[in-house]
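Along the sequence shown, residues are numbered consecutively beginning with 1.
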Amino acid sequence: MRLLVLCLLLGFAALASAENDWREVLHEWLTAEDMEDSYSTELMEQLEELALTPINLNQTCQEELETLPFLTAQQVEALVEYIDRYHPLRSLSELQMIRALDYHTRRLLQFFVVVGEERKPSFWPTAEDLLKKGKHRLTASIKVPFYEREGDRSGYLGYRYRHDVRYQYTFANRIKAGITAAQDAGEPFFSNKNSMGYDQYNYYVQLRDFGFLKELNLGHYRVQMGLGLIMNTRFQLGKQAMLQTMGRSQHTLSAHSSRSAGDHLQGLAATLQLAKQWHLTVFASHQSIDATLNDDGSARTLIYSGYHRTPTELVKKHNTQVTDLGGTIGWQQGTLYINANVAYTHYNRPLCPQQNASYRSYAAQGNNFLNMSMDYGWNNHRWAFSGETALSKNGALALIHTVNCRVSNQLSLMLLHRYYDKRYTAQHANSFREGSSIQNEHGIYLGSTWQPSYSWHIQGYLDYAHFDWPRYQVSAKSDAFDALLSIRHTGKKWTWSTRYRIHIRQHDDDSKKRIINQTSHRIRIGIDWTPSQQLTLHTQGDGVLTREAGSSSRGAMVSQQVRWHSQWLQLTGTAAWFRSDNYDSRLYQYEPSLLNDFSFPAYYGHGIHYAMIAKADIGTHLELAAKLGVTNYFDRSTIGTGLQEISRSSMADLLLQLNIKI
């Protein structure tokens, strides 16, 4: 408690944070639902990878710039046009000359691009270049809990430490190769089904820009086609973040280098430049996945958590085989493009989910799934249009379209419409949505970004969705409404921001006889201050009010972050006090962490959380880092349930990391 009071006094005396890194900028885009969804971690992990290997603007192309998920189609075109006309660039300050790039986009872009040499590399790099100019990175992490869970005493087959090792080699954004070995707490190590040591290995090789071979991926990789209606194993930006891209269509391949066991492919994927206007992407994948089986051997549920801690979880490990095939053939002339896409998925055992509830009536069933789509688009300096229309094997339709208008350099508008038939199924679909899947949804979204001056940035959206068939916890047709307004004012040393959101969703009442509204109001106020180049501070207040059927619940949180750095040492302290009536009024906090580690914890009840991070550069090749995090609850004697239960009211973890760069 003393640490919390001290941090708050420091924050209000000096008053709070400054030019944050890209993680802080991305956090401004995330809503509560984004933090609950696994794709927020996927987004962070892939942006971490992009930040570690920034794009050289003097050796880049449109396809490479399109891997940055926060750029609009107009911004990509404007970047390419400026580089072609004025190359070589001399410094990142030249980005201010590109009118399509607003201040906040330039602020984020600086973490992912550099201005390097203009010389184009040779078609085949020499062995000397590979040895001298290649970069090696080795990262080892271990998380040590200062508590025991129920499963640690009886239930889990392994010890209670989470750890991973990552190695990666990169050469000039053209070659990337590496391996990630990961172990979750409680999983057996060199025993049971993990006789090879770690529970999970992700390996990858990626080649780019070798003549007509634009890209080749071997091992574990991710694919995004169009707007994600049939294939998107990368991530999907949320509703506020969508205003950054203005619904841009993407066709990208990327190496899967994270510890995530989620939705990725394993095998081969390549993009070929067939002619000046024509390109071809193909992929083939075969891998083992986890599933809960029915008595007849069919798969009831596919599991992507990656946990293999108990005998029950180990029985499900890699018990199902999946094969994915597909590709894209596309044509582009200037900013006009059209792509034809196909994706085929085969499981060695049929999917057979339980049909004991009406909302499961149209769940995917069978062994074979085929989806086809067309995506298309066009843009100029003022207007942009993109869309995708998809069909599943049973003839069901899914479509999404966006229209964007850059009214002026200060104001832009976006309109998005989507329709997903209740019978539509696609095994790797991931696109803009209100519901939990690309199915049974019809909605319209209107968003706007306004910058009346250099120091003011205002964003907002309205979104309405209708669900024509029952959903989980909703036994009839239902609707949802979501609206957000965000205002940010940036001064020389101060930044002030506020955000308000209202989200209305429907679900069954306790009697299951009628549909009721659940209305959630969330507000956030933040004050940032940079008193010096070494010190930054950030103070934030969050509040939530949830109402339904005559009852209400409330929650509040006050948090403080203090960051100090010198040439070789960086210290970060965070503290938060929270209080909420129940889980419905839970509060979310993004907390700074170490490389490749992200968490978006939800707090409810009454308690405090505080953490301290220290990073030290030992010479030019070695970095040591540590993070200690503590959570104390005042309203309970245990934390968690089942095998995750901790028989105390507090929990503390220590994360240690070694990072070697050569």
Side-chain angles (χ1 to χ4, degrees), residues 30-37 238-240 354-363 418 420 422 433-437 439-446 460-486 498-525 541-558 577-589 600-607 633-636 638-642:
L30 300 177
T31 64
E33 285 71 25
D34 296 336
M35 295 184 185
E36 286 182 333
D37 202 314
K239 292 182 181 179
Q240 186 177 7
Q354 290 182 328
Q355 300 289 315
N356 57 351
S358 57
Y359 72 87
R360 293 197 182 103
S361 299
Y362 296 101
R418 75 271 190 191
Y420 311 140
K422 61 179 178 292
R433 66 186 187 275
E434 164 70 23
S436 59
S437 63
Q439 189 180 49
N440 183 32
E441 181 171 334
H442 189 191
I444 190 165
Y445 167 99
L446 175 64
Y461 68 75
L462 301 170
D463 184 57
Y464 167 77
H466 174 72
F467 308 97
D468 197 48
W469 189 256
R471 300 190 300 144
Y472 177 64
Q473 294 185 336
V474 191
S475 57
K477 297 180 180 181
S478 60
D479 302 283
F481 175 77
D482 189 6
L484 179 143
L485 177 64
S486 173
T498 186
R499 183 169 80 175
Y500 168 73
R501 185 188 185 204
I502 179 173
H503 199 181
I504 304 174
R505 290 169 290 188
Q506 296 182 316
H507 62 84
D508 293 335
D509 67 356
D510 293 338
S511 67
K512 309 293 184 183
K513 294 182 179 179
R514 67 188 183 100
I515 305 296
I516 59 175
N517 289 340
Q518 181 186 69
T519 304
S520 174
H521 304 267
R522 292 184 179 271
I523 188 169
R524 172 181 297 166
I525 299 174
D542 290 86
V544 57
L545 171 64
T546 301
R547 297 181 182 275
E548 64 173 78
S551 63
S552 64
S553 62
R554 294 172 174 82
M557 178 167 62
V558 179
W577 169 88
F578 57 89
R579 185 160 194 167
S580 72
D581 294 335
N582 51 39
Y583 185 74
D584 287 339
S585 54
R586 60 196 178 277
L587 301 124
Y588 295 86
Q589 181 191 37
F600 306 93
Y603 298 113
Y604 63 96
H606 185 201
Y633 289 94
F634 306 140
D635 60 348
R636 67 195 71 176
T638 62
I639 303 173
T641 59

- prompt: Of K477, E434, Q506, K422, which meets side-chain contact (heavy atoms from CB on, under 4.5 Å) against F467?
  reply: E434

Hey, could you give me the [atom1]/[atom2] distance between [X] and [Y], rounded to the nearest 0.5 Å?
| X | Y | atom1 | atom2 | answer |
| --- | --- | --- | --- | --- |
| D542 | S580 | CG | OG | 12.0 Å |
| H442 | Y420 | NE2 | OH | 10.5 Å |
| K513 | D508 | NZ | CG | 12.5 Å |

R499 charged N/C atom sitting above Y461 aromatic ring, 6.0 Å / 45°: no

query: So, N517 and T519: side-chain donor and acceptor under 3.5 Å apart, yes or no?
result: no

query: Strictly by modelled atom types, are D584 and S553 linked by a side-chain donor-acceptor pair under 3.5 Å?
result: no

task: Could you tell me whether a side-chain N or O of D463 sits under 3.5 Å from a main-chain N or O of D482, the two making a donor and an acceptor?
output: no

Contact summary for [X] and [Y], nearest pair of heavy atoms:
| X | Y | answer |
| --- | --- | --- |
| T546 | S585 | OG1-CA, 4.3 Å |
| H466 | S478 | ND1-O, 3.3 Å |
| L545 | S552 | CD1-CB, 4.2 Å |

Is there side-chain contact between [X] and [Y], with heavy atoms separated by less than 4.5 Å?
| X | Y | answer |
| --- | --- | --- |
| R418 | E441 | yes |
| Y362 | N440 | no |
| R547 | R554 | yes |
| R360 | Y472 | no |
| R501 | R524 | no |
| V474 | Y359 | no |

- prompt: Considering the options Y603, Y604, Y588, which one meets the ring pair (Phe, Tyr, Trp, His ring centres under 6.0 Å) requirement together with F578?
  reply: Y603

message: A quick test of your reading: do over 12 heavy atoms of other residues, nucleotides or ligands sit less than 6.0 Å from CG of D510?
response: no

